[in-house]
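Take a look at the structure set out below.
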Amino acid sequence: MRIDIISVLPELMQSPFETSILKRAVDKGLAEIHFHQIRDFGKGKHRQIDDEPYGGGAGMVMMIEPLDLCISELKSQREYDEIIYLTPDGITLNQKIANTLSIQKNLIFLCGHYKGIDQRIRELHITKEISIGDYVLTGGELAACVLADSIIRLLPGVLNDEQSALTDSFQDNLLSPPIYTRPAEYKGLKVPEILLSGNSKKIEEWLHDQAVSTTQEKRPDILK
Ligand code: ADE
């Protein structure tokens with residue numbers, strides 16, 4: 001999978017892809033991340049990329065031309081499955097969206113800044129608008145990292161044990177059951193007996209029941 005990320009602050013997004021599982025995905029060639037500085041497509045000597053909003057109001061708006069030039073250049077090089085704008089007014093990211101995007105080949109993420117982008121760039125190029133939650137960040141960069149992480153960990157070969165992505169919380173509309181590791185007792189706190197029993201069928205049933213009750217308690221809204 002190839003992801004092109006367009007931003008005024010690409011440096012903000014380097015480290016998540018240089019660490020841990022995302023780094024492994026990049027090193028193995030399973031995910032290619034390319035950053036593009038919008039300012040390189042800015043207008044004039046000062047490489048202007050933003051201007052005042054028509055109709056007045058506070059904040060600057062990202063201009064259509066630099067964004068169009070950048071996206072058009074990418075589109076002339078390959079076909080993109082989705083061109084995604086990270087924005088608080090998009091659809092809220094969930095596991096289903098991450099699953100769907102993880103089977104695509106080429107994606108563009110556009111990170112907004114300032115007050116947002118000229119509406120016409122949405123009409124011209126954007127195929128999907130995604131929010132990572134009902135709060136406002138200073139830009140789309142952190143949201144782009146969250147979205148990329150949620151997708152890349154699903155690519156075959158990224159996780160050591162492929163099962164582990166399939167058993168993630170949300171994959172079957174259930175949260176994960178509680179998990180434990182050694183020691184079996186710590187300061188009087190015991191690991192549930194059943195997990196020490198070695199009876200894998202019983203353990204599986206118990207884990208499922210726990211997943212259901214945890215979901216019922218914490219997120220009844222996702223329980224089908
Ligand atoms: N940009 C600013 N806030 C955002 C959010 N909540 N989700 C995605 N992009 C954003």
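Note that ligands are numbered from 1 as they come in the structure, with each ligand's atoms numbered from 1 the same way.
At a heavy-atom distance under 4.0 Å, only backbone atoms of Ile130 (N, CA, C or O) approach ligand 1. Counting heavy atoms closer than 4.0 Å to ligand 1, residue Thr138 contributes nothing at all. Under 4.0 angstrom from ligand 1, the non-hydrogen atoms of Ala143 all belong to its side chain.
Residue-ligand proximity: Ala144 is placed with every non-hydrogen atom at 4.0 Å or more from ligand 1. Not a single heavy atom of Gly112 sits closer than 4.0 Å to an atom of ligand 1.
Residue Gly139 approaches ligand 1 through these ligand atoms, each under 4.0 Å from one of its heavy atoms: 1 (N), 2 (C). With ligand atoms numbered from 1 in the order given, ligand 1 contributes 5 (C), 7 (N), 8 (C) to contacts under 4.0 Å with heavy atoms of Ile132.
If you check which protein heavy atom lies closest to atom 3 (N) of ligand 1, you get Leu137 N, 3.0 Å. At the shortest separation from atom 6 (N) of ligand 1 among protein heavy atoms lies Tyr135 O, 2.8 Å. The protein non-hydrogen atom at the shortest distance from atom 4 (C) of ligand 1 is Pro88 CD, 3.6 Å.
Counting non-hydrogen atoms of other residues, nucleotides and ligands closer than 6.0 Å to CZ of Arg182 gives a total of 12 or fewer. The number of heavy atoms from other shown groups lying within 6.0 Å of CD1 (Ile179) does not exceed 12.
Atoms CD and CG, from Gln77 and Asp4 in turn, are 8.0 Å apart once rounded to the nearest 0.5 Å.
For Asp89 and Thr87, the side-chain atoms include at least one donor-acceptor pair closer than 3.5 Å.
Residues Ile71 and Ile83 meet the side-chain proximity criterion, which asks for heavy atoms closer than 4.5 Å.
With hydrogens and angles disregarded, a donor-acceptor distance shorter than 3.5 Å links the side chain of Asn94 to the backbone of Ile97.
Applying the salt bridge (charged side-chain N to carboxylate O under 4.0 Å, His left out) test to residues at least two apart or on different chains, the pairs with a partner in residues 199-208 are Lys201-Glu205.
Residue-to-ligand polar distances place Gly133 within reach of ligand 1: an N/O pair is separated by less than 3.5 Å.
A salt bridge is absent between Arg120 and Asp68: the closest approach of a Lys/Arg side-chain nitrogen to an acidic carboxylate oxygen does not fall below 4.0 angstrom.
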